[in-house]
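Report on one structure; see the data block that follows.
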Amino acid sequence: MKKGVFPGSFDPITLGHIDIIERALPLFDEIIIAIGSNADKSYMFSLEKRKQFIESIFEGNKKIVVKTYEGMTADFCKIQNAGFIIRGLRNTTDFNYEQAIAQTNLQLSGIESVCLFTSTKYSNISSSIVRDVIRNGGDYSILVPKSVKVEEK
Ligand code: ADP
């Protein structure tokens, strides 16, 4: 069984992430969307919220599992018995960052990284831009799936 892990902060999940997941689906028997939780990082959305947003998008899709994890992605892959890490590349900054991590994961754990290039229509989207738009009261709805909602204060 070919299992891929798509790791990320997903703070929040965006249309760019969903595009990568949908395009990776035909390549794998199962995709684990792995939401990272790092005690040193501060997030706009809680781990529970980030998980809820993702679960409601892929509800009923038997090939997709949503999990949370702490620590090294490669260790999580081993525990899950997954041989592949899925990543999305938007630009050369992503490329340089992902290249070093992918090479290290292969060297240390034998885990292959499968990188998909962003679709042109989503290449401008990042979770950090979405958070900026939200903080400044802008219309974030065209950047994220419908399940992502900011609670009014
Ligand atoms: P991380 O903090 O691990 O980068 P993110 O949630 O920001 O987590 O991103 C997870 C993955 O999704 C990364 O591989 C990132 O490059 C990719 N990604 C994010 N936005 C897009 C997009 N618009 N198009 C394609 N890939 C994307």
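Any value given below was found using the heavy atoms of this structure, including those in side chains, with hydrogens, waters and symmetry copies removed. Order of appearance sets the numbers: ligands from 1, and atoms from 1 within every ligand. Treat the numbers as computed from the prediction; the structure is a model and nothing was measured.
Residue P7 has at least one heavy-atom neighbour below 4.0 Å for each of these atoms of ligand 1: 10 (C). Taking every non-hydrogen atom of G8 and a distance limit under 4.0 Å, the qualifying atoms of ligand 1 come out as 3 (O), 6 (O), 8 (O), 10 (C). Those atoms of ligand 1 that come under 4.0 Å of a heavy atom in E98, given as number and element, are 14 (O). Near F6, meaning under 4.0 Å from one of its heavy atoms, ligand 1 places the atoms 11 (C), 12 (O).
One hydrophobic cluster, built from ILVMFWY side chains closer than 4.5 Å, cannot hold both M1 and L27; they sit in different ones. Cluster annotation: I33 is connected to Y122 through the hydrophobic network of ILVMFWY side chains, with a link wherever side-chain heavy atoms come within less than 4.5 Å. In the hydrophobic clustering of this structure, F53 groups with I129; members are Ile, Leu, Val, Met, Phe, Trp, Tyr whose side-chain heavy atoms approach within less than 4.5 Å, directly or through other members. Hydrophobic clustering of Ile, Leu, Val, Met, Phe, Trp and Tyr side chains at less than 4.5 Å, counting indirect connections, keeps Y43 apart from I125.
When heavy-atom distances to ligand 1 are checked against a 4.0 Å cut-off, S119 has no atom that comes that close, whether in backbone or side chain.
Ligand 1 does not have C115 within reach: every non-hydrogen atom of the residue lies 4.0 Å or more from it.
Salt bridge present: D11 and R131 bring a charged side-chain N and a carboxylate O closer than 4.0 Å. A salt bridge links R87 with E98: the distance from a Lys NZ or Arg NE/NH1/NH2 to an Asp or Glu carboxylate oxygen falls below 4.0 Å. Ionic pairing of D132 and R135 is present here: one or more N-O contacts between side-chain nitrogen and carboxylate oxygen are shorter than 4.0 angstrom.
Here the CG-CD1 distance, from L25 to I21, works out to 8.0 Å after rounding to the nearest 0.5 Å.
For ligand 1, the polar-atom distance check finds an N/O of T118 within less than 3.5 Å of one of the ligand's N/O atoms. Checked against a 3.5 angstrom limit, the closest N/O atoms of F10 and ligand 1 fall inside it. Ligand 1 has an N or O atom lying under 3.5 Å from an N or O atom of Y122, backbone or side chain. Annotation: I20 places no N or O atom under 3.5 Å from an N or O atom of ligand 1; distance criterion only. For ligand 1, the polar-atom distance check finds an N/O of S9 within less than 3.5 Å of one of the ligand's N/O atoms. Looking at ligand 1, you'll find an N or O of G88 within less than 3.5 Å of one of its N or O atoms.
The 12-atom threshold is not exceeded at NZ of K2, counting heavy atoms of other residues, nucleotides or ligands nearer than 6.0 Å.
Distances from atom 27 (C) of ligand 1 to the heavy atoms of K121, R90, K41 show the closest one on R90. Counting only non-hydrogen atoms, the option in H17, R23, R50 that gets closest to atom 9 (O) of ligand 1 is H17.
Residues satisfying the side-chain hydrogen bond (donor to acceptor under 3.5 Å, both in side chains) criterion with E55, sequence neighbours excluded, are K51.
Remark: minimum distance from atom 4 (O) of ligand 1 to any protein heavy atom is reached at R87 NH2, 3.5 Å.
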